[in-house]
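Written out below as structure tokens is the structure these notes cover.
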Amino acid sequence: MDFIKLTVGERFQSNLPDEGMSVLLNGGAPILVFKFTVSERDIDNFLNGAVSFGLFADANVIFFLFNIDGFLDWSDLAFTIHLAQGESVDDDGSYLPFHLVLLESGTSIVKGLRVVTASPAFRSVLAKQVKRQAAERFDTVGYYQAVGGIYESYPSAALMLKTAVIIERGGLTFSD
């Protein structure tokens, strides 16, 4: 397992397009990367806003749902463990750290870093969904077709939240 080195003020090499978001796993911990044009106020809100997480699952696709007060309304990112380069999420009964990374569009300079934990219940639900996903045969075209179909039924993160498997605000579980 390779660890990712991130330093505020330094460039982070990624293929993420400007004004884009991405989710990946590193050492079993989710990393949410945001690459936006940001102001000092945006950076402050990113670093200090309350963070909420959710998980939505349908057609063997997992969607990470997330919100950062004052920075980002509820948003979603599709995820499959089959594209996570050998990573996994284990249910070890501990809190799950989410690493949040803010990159400046155009330069990929790291403007903000923070870690927010999700509860052991959230980790357990995610690990169960990942295990279920890993047990299924993977087809890249089928996966992207499934994602497209889900977006037709649930065109917004707000709609996904209504049937989310679990929702948390800063490690406090609201539904499971």
Evaluate the criterion side-chain contact (heavy atoms from CB on, under 4.5 Å) for residue pair R114 and V51; output intermediate values, then yes/no.
CA-CA 11 Å; R114 70 186 285 197; V51 178; 3.6 Å; yes
Strictly below 4.0 Å, N to O, side chains only: are R169 and D69 in salt-bridge contact?
yes
Backbone of G106 reached by a side-chain donor or acceptor of D18 within 3.5 Å:
yes
Rounded to the nearest 0.5 Å, what separation is found between the CG atom of D58 and the CD1 atom of I150?
4.5 Å
Would you name the heavy atoms of E19 and S105 that are closest together and state the gap between them?
OE2-OG, 2.8 Å
Here the pair of heavy atoms bringing T7 nearest to V110 is O-CB, 3.4 Å
Can you measure from CG (L100) to CD1 (I68) and round to the nearest 0.5 angstrom?
5.0 Å
Rounded to the nearest 0.5 Å, what separates atom OG in S108 from atom CD in Q13?
7.0 Å
As an exercise, state the distance from CG of L126 to CD1 of I62, rounded to the nearest 0.5 Å.
6.0 Å
Measuring from T107:OG1 to L103:CG, what's the distance to the nearest 0.5 Å?
8.0 Å
Do K35 and S14 meet the criterion of a side-chain donor-acceptor pair at a distance under 3.5 Å?
no
Could you tell me whether F63 and Y151 have their ring centroids closer than 6.0 angstrom?
yes
Could you tell me if the side chain of D76 sits less than 4.5 Å from the side chain of F64, heavy atoms only?
no
Pick from I31, V8, L16, L24: which one makes a side-chain contact (heavy atoms from CB on, under 4.5 Å) with V101?
I31
Non-hydrogen side-chain atoms of L159 and P155 separated by less than 4.5 Å
yes
Atom of R123, atom of G93 and distance for their closest heavy-atom approach:
CD-N, 4.5 Å
I'd like to check the side chain to side chain donor-acceptor pair (under 3.5 Å) partners of S124; sequence neighbours left out, ordered by chain and number.
D91
Centroid separation under 6.0 Å, is that true for the rings of F79 and Y143?
no
Checking ring-ring contact (aromatic ring centres under 6.0 Å, His included) for the pair F71/F66: CA distance, chi angles, key distance, verdict?
CA-CA 11 Å; F71 176 74; F66 44 90; 10.0 Å; no
Show, in sequence, the C-alpha distance, side-chain angles and deciding distance for K162 and Y154, and conclude whether the side-chain contact (heavy atoms from CB on, under 4.5 Å) test is met.
CA-CA 10 Å; K162 291 180 180 184; Y154 299 90; over 6 Å; no
Could you pull out the closest heavy-atom pair between T80 and Q133, with the gap in Å?
CA-OE1, 3.2 Å
Do S52 and W74 pass the side-chain contact (heavy atoms from CB on, under 4.5 Å) test, and can you show the C-alpha distance, the side-chain angles, and the key distance before you say yes or no?
CA-CA 9 Å; S52 298; W74 277 102; 3.4 Å; yes
Return yes if some donor-acceptor pair links the side-chain N/O of R132 with the main-chain N/O of N60 below 3.5 Å, else return no.
no
Identify the two heavy atoms, one from G28 and one from L96, that lie closest to each other, and give their separation to 0.1 Å.
O-CD1, 3.8 Å
Gap between atom CG of L113 and atom CG of L102 - 0.5 Å precision
8.5 Å
Hey, does the side chain of D44 reach the backbone of E40 with a donor-acceptor pair shorter than 3.5 angstrom?
no
Do you know which two heavy atoms are closest between V115 and H99, and how far apart they sit?
CG2-ND1, 3.4 Å
So, for F36 and F46, is the gap between ring centers shorter than 6.0 Å?
no
Between F98 and F53, how do the two ring planes meet: parallel, tilted or perpendicular, split at 30° and 60°?
parallel
Run the side-chain contact (heavy atoms from CB on, under 4.5 Å) test on L161 and L65 for me, step by step, so that the C-alpha distance in whole Å, both residues' side-chain angles and the decisive distance to 0.1 Å come before the verdict.
CA-CA 8 Å; L161 279 168; L65 308 173; 3.8 Å; yes
Please check: side-chain N/O of S119 versus main-chain N/O of F122, any donor-acceptor pairing under 3.5 Å?
yes
Under 4.0 Å between a side-chain nitrogen and a carboxylate oxygen: does that hold for K111 and D42?
no
Same apolar cluster (I L V M F W Y, side chains within < 4.5 Å links), L32/I109:
no
Between the main-chain N or O of S94 and the side-chain N or O of D92, is there a donor-acceptor pair closer than 3.5 Å?
yes
